S.K.: 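Dumping the structure here so I can ask a few things about it.
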Protein chains: 2
Amino acid sequence: MTDGVAERSRPRDRILETAQDMFHKHGIKGVGVDAITEAAGTNKMTLYRHFESKDELVIECLRATAAKGAAVWDEFEAQHPGDKLAQLHAWVRKVADMLASDSRGCDMANAAVELTETDHPARRVIKELKQAQRDRLVALCRDAGIGQAELLADTLSLLFEGARVSVQTIGSEGPSAQFVRMAESLIASFRAR
Amino acid sequence: MTDGVAERSRPRDRILETAQDMFHKHGIKGVGVDAITEAAGTNKMTLYRHFESKDELVIECLRATAAKGAAVWDEFEAQHPGDKLAQLHAWVRKVADMLASDSRGCDMANAAVELTETDHPARRVIKELKQAQRDRLVALCRDAGIGQAELLADTLSLLFEGARVSVQTIGSEGPSAQFVRMAESLIASFRAR
DNA sequence: TCTAAAAGTTACAGACCGGTAACACCCTAG
DNA sequence: CTAGGGTGTTACCGGTCTGTAACTTTTAGA
């Protein structure tokens, strides 16, 4: 039994993996801890021995998801060592893939929508992780030799973020369908300056 | 008592107005029907006499919010009669105002995040309303005499949507701070073609 | 003023939620 | 073999949620 997730890892890891998946698919308030532990092949007590609350679990999930996202950037570096411009284009393609294969958007943005209390502990984490994402994109643009790297990175960030939310509302045939064209022509125009 | 919302209108209108406000601030799953009716100075039974379920209320709220948004477009026409380009610039300024004054994003996008069931009745409505928004922006760009009006409108849509979600996560000092500059230079570059 | 509809009130059903207590089990390190 | 930590099991607490029933009060129109 124990469902399809990580058959024989330790309970904590199974819980974390399952929770990421279920929070992503059904939202944070849309899934209870009982459902998570059952899908992870364990039980509620074990969850609360490893995480002090559901909120803590949510935060750990966000960190884990962000870490996976960061790993993708390392792949870009491995695939195009030293070629920052090629890595930027790889980022564009990767984003397009995400838009085509997933319609539930960004976990951090979704969490910010659901957790509305301004002092919710997850909000600090969300802000930090999002800023780190932005910083990394700015650095990539700068290292690719682009002038006004911040402006390009921020523009690409907004297009990316907007595309993910657009897929959630209109679908992948909406404005997000033009993402690659938008991003590529933006990069080209910034490079031309 | 009855709180600050629409002192002496009819209960249905007070409920609708209050629900829009509370859903916007606290999210759909973050507010119960009891809290809504209490803030609206009425009671649960009256709510269920006017709306057959919370889901129906949510849908009515989305329609009402979208109608308010549509009214803004009519203001643009009133302020710049016939001058579609001026209306497009007015739209950019309006978006900037929204970004500065509200950090809870778009109600439709937020609803799409919270209501994850693919067959949820609200999802049809969200898609329709979002498509209508898009169509209106495309028409404005086209009527402003811009070539590739769809591409410009879609790019502006993604920037807008992205900016709203960015405000929710990073805050108004993040990438969204450059929205006006991005939008204006985009419009200029499309006009130049 | 009389009447009928609308609105308010109270109580409740049934479900689900996050979180905890108490206890039994198993598996591995010594 | 044994001790102990990690895990599983069951039951429970108090709270919240959507939605309904039955009844009373207010309001508005003829």
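Just so it is clear: chains get the letters A, B, ... in the order the sequence lines come, proteins before strands, and each one is counted from 1. This is a predicted model, so every value here is computed, not measured.
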S.K.: Select base, sugar-phosphate, or nothing to describe what A:Arg10 touches, counting heavy atoms under 4.0 Å on all strands.
M.R.: nothing
S.K.: Would you mind reading off the distance between B:Lys54 atom NZ and D:dG19 atom P, rounded to a whole angstrom?
M.R.: 8 Å
S.K.: Do A:His24 and A:Asn110 have a side chain donor and acceptor closer than 3.5 Å?
M.R.: no
S.K.: Between B:Glu117 and B:Arg123, is the closest basic N to carboxylate O distance under 4.0 Å?
M.R.: no
S.K.: Check whether any side-chain N or O of B:His50 sits under 4.0 Å from OP1 or OP2 of C:dA7, and answer yes or no.
M.R.: yes
S.K.: Does C:dA7 have OP1 or OP2 under 4.0 Å away from a side-chain N or O of B:Thr42?
M.R.: no
S.K.: Give the rounded distance in Å between these two atoms: CD1 of B:Ile36 and C1' of D:dT18.
M.R.: 11 Å
S.K.: Expressed as a whole number of angstroms, how long is the span from B:Met45:CE to C:dC12:P?
M.R.: 16 Å
S.K.: Consider only side-chain N and O atoms of B:Arg181 and B:Gln178, and report whether a donor and an acceptor are under 3.5 Å apart.
M.R.: yes
S.K.: Mark yes or no for a side-chain to base donor-acceptor pair under 3.5 Å between A:Lys44 and C:dG19, with no hydrogen or angle criteria applied.
M.R.: yes
S.K.: What is the distance from CG of A:Asp34 to C1' of D:dC12, rounded to the nearest Å?
M.R.: 13 Å
S.K.: Taking donor-acceptor contacts at under 3.5 Å, does the side chain of A:Arg49 reach the base of D:dG8?
M.R.: yes
S.K.: Please determine if a side-chain N or O atom of A:Thr46 lies less than 4.0 Å away from the OP1 or OP2 oxygen of D:dT7.
M.R.: no
S.K.: Within this structure, what is the CG-to-C1' distance between A:Asn43 and C:dA24, rounded to whole angstrom?
M.R.: 13 Å
S.K.: Send over the distance from A:Leu115 CG to C:dG18 C1', rounded to a whole Å.
M.R.: 15 Å
S.K.: Expressed as a whole number of angstroms, how long is the span from B:His26:NE2 to D:dC17:C1'?
M.R.: 17 Å
S.K.: Among side-chain atoms of B:Ser166 and A:Glu161, is any donor-acceptor pair under 3.5 angstrom?
M.R.: no
S.K.: Rounded off to whole Å, could you give me the CG-to-P distance for the A:Asp55 and C:dG18 pair?
M.R.: 10 Å
S.K.: Can you find a side-chain donor-acceptor pair between B:Asn43 and B:Thr46 that sits under 3.5 Å?
M.R.: yes
